[in-house]
Visitor: 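What follows is a structure written as structure tokens; I'll ask about it next.
So you know, we letter chains A, B, ... as the sequences are listed, proteins then strands, and number each from 1.
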Amino acid sequence: MAGHDLPEGFRYLPAYLDRPAQEALVEDVRAVVAAAPLYVPQMPKTGKPMSVRMTNCGSLGWVTDREGGYRYQERHPATGRPWPAIPAVLLQIWKDVSGYPAPPQACLVNFYDGDARMGLHQDRDERTFAAPVVSVSLGDQCLFRIGGTARGAPTRSFRLSSGDLVVLGGESRLSFHGVDRIFPGTSTLLRNGGRINLTLRRVDS
DNA sequence: TAGTAACC
DNA sequence: CGCG
């Protein structure tokens with residue numbers, strides 16, 4: 001069977017960041033995590049832990065827990081402090097690829113160990129969908145899956161590698177997407193392995 | 001339903 | 001065992 005078409009507005013920019021740029025960005029992420037420690041997010045209502053560990057930078061961060069559900073908030077749920085600033089390199093990437101006049105408000109940092117996955121979902125907790133979601137991959141490769149704007153629509157899968165960028169704009173802004181698996185040992189960027197995904201978002205128009 | 005698991 |  002031939003593959004399905006990718007959704008309109010979906011852009012895949014392989015090897016967008018070279019190795020030195022990836023290394024510099026990892027240092028920025030380490031600083032973010034030092035100020036805003038990774039935590040285990042919980043599913044709404046059930047409290048089931050997700051397999052990724054998570055933190056944010058920016059004026060707003062995406063969080064989820066049993067009681068409050070999916071939301072954006074100004075402070076780290078464990079420390080109560082404001083999120084650290086989005087690193088300058090990421091602000092520049094957003095300028096270069098988003099086509100949106102205002103800077104990102106949120107940068108979600110997801111850390112995947114070798115067993116972590118992310119089920120098919122939509123990013124729809126923002127108050128505007130006018131801006132794209134820009135995603136940066138660092139570390140081990142993953143199997144990424146993207147479908148349409150309806151839950152049951154056909155999906156396509158492909159590998160994302162360290163330094164790749166994905167832009168979910170246009171119709172693809174509300175496409176279901178997820179991470180089916182990590183391929184451990186496929187990158188030397190992170191000493192202890194794993195994958196980091198950074199997603200830049202605009203929450204308000 | 002941003003989770004998990006069984007099944008083909 | 002990997003993928004859908």
Visitor: Report the distance from atom CZ of A:R156 to atom P of C:dC3, rounded to the nearest whole Å.
Guide: 16 Å
Visitor: Rounding to an integer number of Å, can you tell me how far A:H121 NE2 sits from B:dT4 P?
Guide: 14 Å
Visitor: side-chain hydrogen bond (donor to acceptor under 3.5 Å, both in side chains): which pairs involve residues 185-201 of chain A, sequence neighbours left out?
Guide: A:R19-A:T188, A:Y72-A:R201, A:D123-A:R201, A:E126-A:R201, A:S135-A:N197, A:S137-A:R195, A:R195-A:N197, A:T199-A:R201
Visitor: Just to be sure I understand the rule, does A:N197 reach a base, reach only the sugar-phosphate, or reach nothing, if contact means heavy atoms closer than 4.0 Å?
Guide: nothing
Visitor: How would you list, by chain and number, every residue that makes a side-chain contact (heavy atoms from CB on, under 4.5 Å) with A:A36, sequence neighbours excluded?
Guide: A:T55, A:H76, A:W83, A:P84
Visitor: In sequence, state the C-alpha distance, the side-chain angles, and the governing distance for A:Y16 and A:I93, and then conclude on side chain to side chain contact (heavy atoms under 4.5 Å, CB included).
Guide: CA-CA 10 Å; A:Y16 186 88; A:I93 291 172; 4.2 Å; yes
Visitor: Just compare C:dG4, B:dA2, B:dT4 and give me whichever is closest to any side-chain atom of A:L143.
Guide: C:dG4
Visitor: What are the residues of residues 166-182 of chain A, sorted by number, that bring a heavy atom to within less than 4.0 Å of DNA chain C?
Guide: A:D180, A:R181
Visitor: For the P atoms, the ones on B:dC8 and on B:dT4, what distance do you get once it is rounded to whole angstrom?
Guide: 22 Å
Visitor: Produce the list of close N/O pairs, under 3.5 Å, pairing protein atoms with atoms of nucleotides 5-8 of chain B; give distances to one decimal.
Guide:
none

Visitor: Does anything in residues 67-86 of chain A form a salt bridge (Lys or Arg N to Asp or Glu O under 4.0 Å)? List the pairs, not counting sequence neighbours.
Guide: A:D65-A:R71
Visitor: Report the distance from atom NZ of A:K45 to atom C1' of B:dA2, rounded to the nearest whole Å.
Guide: 15 Å
Visitor: Can you tell me the distance, in whole Å, between the CD atom of A:Q141 and the P atom of C:dC3?
Guide: 12 Å
Visitor: Determine whether A:T46 and A:R66 satisfy the following criterion, side chain to side chain contact (heavy atoms under 4.5 Å, CB included), listing intermediate values before the conclusion.
Guide: CA-CA 6 Å; A:T46 65; A:R66 180 197 298 263; 5.7 Å; no
Visitor: Tell me: CE of A:M43 to C1' of B:dG3, nearest whole Å?
Guide: 5 Å
Visitor: With sequence neighbours excluded, what pairs up with A:E8 under the salt bridge (Lys or Arg N to Asp or Glu O under 4.0 Å) test?
Guide: none
Visitor: Looking at every strand, decide which applies to A:M118 at a 4.0 Å heavy-atom threshold: base, sugar-phosphate, or nothing.
Guide: base
Visitor: Name all pairs fulfilling the ring pair (Phe, Tyr, Trp, His ring centres under 6.0 Å) condition that reach into residues 180-205 of chain A, sequence neighbours left out, sorted by first residue then second.
Guide: none
Visitor: What residues form a salt bridge (Lys or Arg N to Asp or Glu O under 4.0 Å) with A:D113, not counting sequence neighbours?
Guide: none
Visitor: Using whole Å, what does the distance between atom P of nucleotide B:dA2 and atom OH of A:Y70 come to?
Guide: 3 Å
Visitor: Would you kindly give the CZ-to-C1' distance between A:R71 and B:dA2, to the nearest whole Å?
Guide: 14 Å
Visitor: Between P on B:dG3 and CE on A:M50, what's the gap in Å once rounded to a whole number?
Guide: 5 Å
Visitor: Could you tell me which residues satisfy salt bridge (Lys or Arg N to Asp or Glu O under 4.0 Å) with A:R124, sequence neighbours excluded, listed by chain and number?
Guide: none
Visitor: Base, sugar-phosphate or nothing for A:S157? Non-hydrogen atoms, less than 4.0 Å.
Guide: sugar-phosphate
